[in-house]
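First comes the structure, then the notes that go with it.
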Amino acid sequence: MDNDRVLIVGGGVIGLSIGWKLARAGKGVVVFDRDRAGGAASWASAGMLSPLAEVRFEEEPLLRLGLKSLAMYPDFVAELEADTGQAVGYRKDGVLLVGVSQDDLADLEFRYRFQKELGLEVAWLNGAEARAREPHLGGQVSAAVWCPGDHQVDNRLLVAALATGLEKAGGTLKEGASVDELVMEGNRVRGVRVGEEVYEGEMVVLSAGCWSGRLPGLPDEIRPPVRPVKGQIIRLQMTDAVRPHTIVWYNRWASSVSVYLAPKDGGHLVVGATSEEMGFDTELTAGGMFELLRAAWEVLPGVYDLPIVETLAGLRPGSRDDAPILGTTAIDGLIMATGHYRKGILLTPMTAHYISELILTGEVSEVIRPFGLERFL
Ligand code: GLY
């Protein structure tokens with residue numbers, strides 16, 4: 001029995017990337033996914049790596065963490081692509097935050113001043129300058145903030161490459177394997193139970209996204225406070241009539257909807273996303289689709305004619321303060337890597353690096369220390 005292996009509960013980008021890093025370091029790893037690896041939030045995502053565009057007033061430590069992870073992306077991608085021979089669609093093309101109404105502009109200007117105060121490299125554009133950068137923008141767009149440092153990746157290609165990387169490096173991926181219980185021995189983990197079978201391991205990583213707080217056997221006092229935050233998404237097929245070069249992002253003040261349009265190398269335009277507190281519900285709604293399409297059409301009118309390829313809803317794992325939960329717990333051998341909320345793809349390289357480092361060396365880096373579960377206890 002391989003008792004010194006690491007068992008990872010949840011095979012989204014977080015669990016897969018930690019597994020890949022550990023396997024390449026020679027560690028025994030098994031990643032369990034209840035369904036298809038990367039088939040939940042990682043699949044529904046738009047793959048945006050956009051800490052500049054997404055900065056929020058109360059979240060400077062999270063911004064710094066996002067910038068750190070963004071800086072790790074080029075090496076992370078190069079390593080993964082070299083290991084697997086699979087491209088992940090990493091693009092450095094930037095985000096254009098746009099506004100239409102007076103309210104939008106006031107909000108945009110307020111954010112822009114905050115971005116500048118933080119020392120971020122962003123530029124204010126008037127409507128004509130914005131259209132010069134992105135000619136498919138509609139005439140209603142009256143101003144924009146250009147965030148050249150924001151990037152994107154193809155989240156679905158990333159999932160595929162991480163699964164390949166994990167297995168090529170000697171790790172095991174078990175799909176359709178729902179972990180039914182965390183198995184403990186006193187105050188330390190002994191393994192996990194899947195159906196009738198108990199898998200023993202030295203450590204267990206909990207990276208099960210919005211399901212992380214529901215793992216049976218987890219002592220109540222360390223249940224991570226994560227909840228599902230629903231996001232409805234539409235994938236359109238781009239044509240020459242509408243093929244933005246960059247991600248266009250519109251916070252539509254009048255309906256409190258925030259819509260982004262992310263062009264992917266394969267030809268899809270990902271239009272997302274609603275943000276709804278609906279528990280584990282993943283129904284698509286007419287209202288959700290309407291809000292997204294109306295906002296998308298206002299800023300890129302050509303989307304009106306684009307074929308719809310796919311509609312789906314994903315569940316973001318939101319923590320109580322919207323920041324991830326990373327590091328050790330009061331249970332020996334139990335590590336958390338969950339609660340990445342809107343930033344799971346962005347924070348993947350950072351999480352994989354520091355959580356695998358923690359597992360291999362026992363050291364909790366200063367980078368992740370402020371994001372431990374203790375902050376909620
Ligand atoms: N990161 C974008 C979203 O969660 O919708």
Side-chain angles (χ1 to χ4, degrees), residues 12-14 38-56 59 62-63 65-67 69-70 73 89-91 93-98 111 145 147 149-156 158-159 209-210 212 226-236 244 246-252 255-264 268-278 280-282 284-285 287-289 291-293 295-296 299 310-325 338-351:
V13 286
I14 299 299
S42 306
W43 194 254
S45 149
M48 291 180 304
L49 313 175
S50 47
L52 305 189
E54 282 195 84
V55 68
R56 294 207 201 165
E59 289 182 349
L62 190 53
L63 166 72
L65 197 68
L67 290 172
S69 201
L70 183 67
Y73 245 98
Y90 178 50
R91 293 170 50 155
D93 30 31
V95 171
L96 199 56
L97 278 173
V98 301
R111 281 166 194 265
V145 175
C147 309
D150 281 342
H151 301 159
Q152 62 168 318
V153 70
D154 186 316
N155 47 303
R156 296 180 174 184
L158 181 65
V159 164
C210 66
S212 298
V226 284
R227 69 189 195 288
V229 183
K230 176 177 167 182
Q232 300 186 47
I233 293 138
I234 307 170
R235 283 186 167 234
L236 303 174
T246 65
I247 295 173
V248 175
W249 197 321
Y250 174 30
N251 292 312
R252 186 177 191 272
S255 57
S256 308
V257 100
S258 178
V259 69
Y260 43 77
L261 299 102
K264 297 293 169 190
H268 285 184
L269 183 64
V270 183
V271 181
T274 62
S275 199
E276 302 167 65
E277 299 282 350
M278 296 289 290
F280 287 89
D281 164 59
T282 52
L284 296 171
T285 63
M289 297 286 114
E291 291 293 353
L292 291 177
L293 288 174
V299 293
E310 191 182 332
T311 50
L312 77 162
L315 299 173
R316 307 173 181 91
S319 76
R320 219 180 276 156
D321 60 4
D322 296 343
I325 303 172
T338 188
H340 291 70
Y341 190 36
R342 302 179 65 96
K343 299 185 166 53
I345 307 287
L346 170 64
L347 297 178
T348 290
M350 177 285 301
T351 304

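Remember, it's 1-based here, ligands and their atoms both numbered in the order they're listed.
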protein heavy-atom neighbour closest to atom 1 (N) of ligand 1 works out as Arg342 O, 2.7 Å
Which protein non-hydrogen atom lies closest to atom 4 (O) of ligand 1, naming both residue and atom, and how far is it?
-> Arg316 NE, 2.7 Å
How far is atom 5 (O) of ligand 1 from its nearest protein heavy atom, and which residue and atom is that?
-> Tyr260 OH, 2.6 Å
How long is the span from the OG atom in Ser45 to the CD1 atom in Ile345, to the nearest 0.5 Å?
-> 4.0 Å
For Ala273, the atoms of ligand 1 under 4.0 Å from one of its heavy atoms are 5 (O)
Glu276 and Gln232: side-chain donor and acceptor closer than 3.5 Å?
-> yes
Can you tell me if Tyr341 has a non-hydrogen atom under 4.0 Å from ligand 1?
-> no
Basic-acidic side-chain contact under 4.0 Å: Glu59, Arg342 | no
Taking the inter-plane angle between the rings of Tyr260 and Trp249 on a 0 to 90° scale, is it parallel (under 30°), tilted (30 to 60°) or perpendicular (over 60°)?
-> perpendicular
Could you tell me whether Lys343 approaches ligand 1 through its side chain, its backbone, both or neither, with non-hydrogen atoms closer than 4.0 Å?
-> neither
Hey, mind stepping through Val13 and Asn155 against side-chain contact (heavy atoms from CB on, under 4.5 Å) and telling me if it holds?
-> CA-CA 9 Å; Val13 286; Asn155 47 303; over 6 Å; no
